[in-house]
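Here's the structure, in structure tokens; my notes come after.
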Amino acid sequence: MATPDARAAISGWSFDDARPGLTIEHPGGRTIGTDEHAWLAMVTNNASDLHGNVEYARTTEFGQPVVLGALAVAIVVGLGQPVEWPPADAARCQPAGWTRIRLTRAVSPGDTLRAVSTIVSVVPRRD
């Protein structure tokens with residue numbers, strides 16, 4: 001395993017890999033499709049023209065529709081998830097939570113998202 005301050009590309013990381021200071025560059029990525037973005041805006045009743053009206057979005061500083069931040073965050077969280085644990089261990093091994101998620105720019109349909117995580121602290125398992 002990498003030293004705590006190292007940047008590591010870890011495929012299928014688990015709780016046992018977590019060390020404070022470790023930065024994980026999660027492999028792979030996820031491209032956001034135009035239809036799924038527009039569908040989420042519709043089903044969540046987000047009527048902003050910035051998300052679903054291509055003609056309007058062209059007149060904005062972005063020049064095209066912008067993906068809902070909630071969708072971008074959900075994808076980034078999914079990319080950073082540890083591997084699955086055996087069912088008996090799943091409840092006690094889940095990450096406690098994220099203290100900060102930072103999206104570095106507006107996301108447009110067709111963009112591919114990638115995730116990088118830094119482990120801030122680790123709480124030992126209670127067996």
Side-chain angles (χ1 to χ4, degrees):
M1 188 75 233
T3 59
D5 292 322
R7 294 179 74 82
I10 300 174
S11 179
W13 76 280
S14 71
F15 183 82
D16 293 332
D17 298 321
R19 303 282 182 271
L22 177 66
T23 296
I24 302 170
E25 295 180 10
H26 302 287
R30 171 74 161 67
T31 302
I32 299 176
T34 303
D35 293 340
E36 66 189 330
H37 151 72
W39 176 84
L40 185 62
M42 180 186 70
V43 300
T44 58
N45 203 31
N46 188 322
S48 171
D49 283 342
L50 183 60
H51 299 303
N53 182 332
V54 173
E55 289 179 13
Y56 170 78
R58 283 186 187 135
T59 69
T60 69
E61 64 184 281
F62 305 106
Q64 60 185 335
V66 174
V67 169
L68 280 84
L71 176 58
V73 167
I75 291 170
V76 169
V77 167
L79 289 169
Q81 279 294 318
V83 295
E84 301 266 339
W85 296 279
D89 295 335
R92 67 184 175 88
C93 294
Q94 287 294 318
W98 292 263
T99 57
R100 185 178 70 164
I101 295 174
R102 184 172 54 103
L103 301 174
T104 58
R105 65 177 183 83
V107 177
S108 297
D111 286 349
T112 299
L113 300 178
R114 301 195 191 294
V116 176
S117 300
T118 300
I119 306 294
V120 175
S121 65
V122 176
V123 177
R125 296 180 187 178
R126 292 181 300 204
D127 291 329

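Listed by first then second residue, pairs satisfying side-chain hydrogen bond (donor to acceptor under 3.5 Å, both in side chains) with a partner in residues 69-78 number zero, not counting sequence neighbours. Listed by first and then second residue, the salt bridge (charged side-chain N to carboxylate O under 4.0 Å, His left out) pairs that reach into residues 26-35 are Arg30-Glu36, sequence neighbours excluded.
Every residue two or more places apart in sequence or in another chain was checked for a side-chain hydrogen bond (donor to acceptor under 3.5 Å, both in side chains) with Ser48, and none qualifies. With sequence neighbours excluded, the residues satisfying side chain to side chain contact (heavy atoms under 4.5 Å, CB included) with Ala115 are His26, Val76, Leu79. With sequence neighbours excluded, the residues satisfying salt bridge (charged side-chain N to carboxylate O under 4.0 Å, His left out) with Asp111 are Arg105. Every residue meeting the side chain to side chain contact (heavy atoms under 4.5 Å, CB included) condition with Ile119, not counting sequence neighbours, appears here in chain and number order: Trp13, Ala18, Leu22, Ile24, Val122.
Residues Leu40 and Met42 fail the side-chain proximity criterion, which asks for heavy atoms closer than 4.5 Å.
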Just distance, no hydrogens or angles: give the donor-acceptor pairs under 3.5 Å from side chains in residues 57-69, sequence neighbours left out.
from: Thr59; atom 1: OG1; to: Tyr56; atom 2: O; distance (Å): 2.6
from: Thr60; atom 1: OG1; to: Ala57; atom 2: O; distance (Å): 2.7
from: Thr60; atom 1: OG1; to: Phe62; atom 2: N; distance (Å): 3.3
from: Gln64; atom 1: NE2; to: Ser108; atom 2: OG; distance (Å): 3.1

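From Leu113, atom CG reaches atom CG of Leu103 across 7.5 Å, with rounding to the nearest 0.5 Å. Distance check, rounded to the nearest 0.5 Å: NE2 of His51 to CG of Asn46 gives 4.5 Å.
Val54 and Leu50 are not part of a single hydrophobic cluster, where members link through side-chain heavy atoms under 4.5 Å apart.
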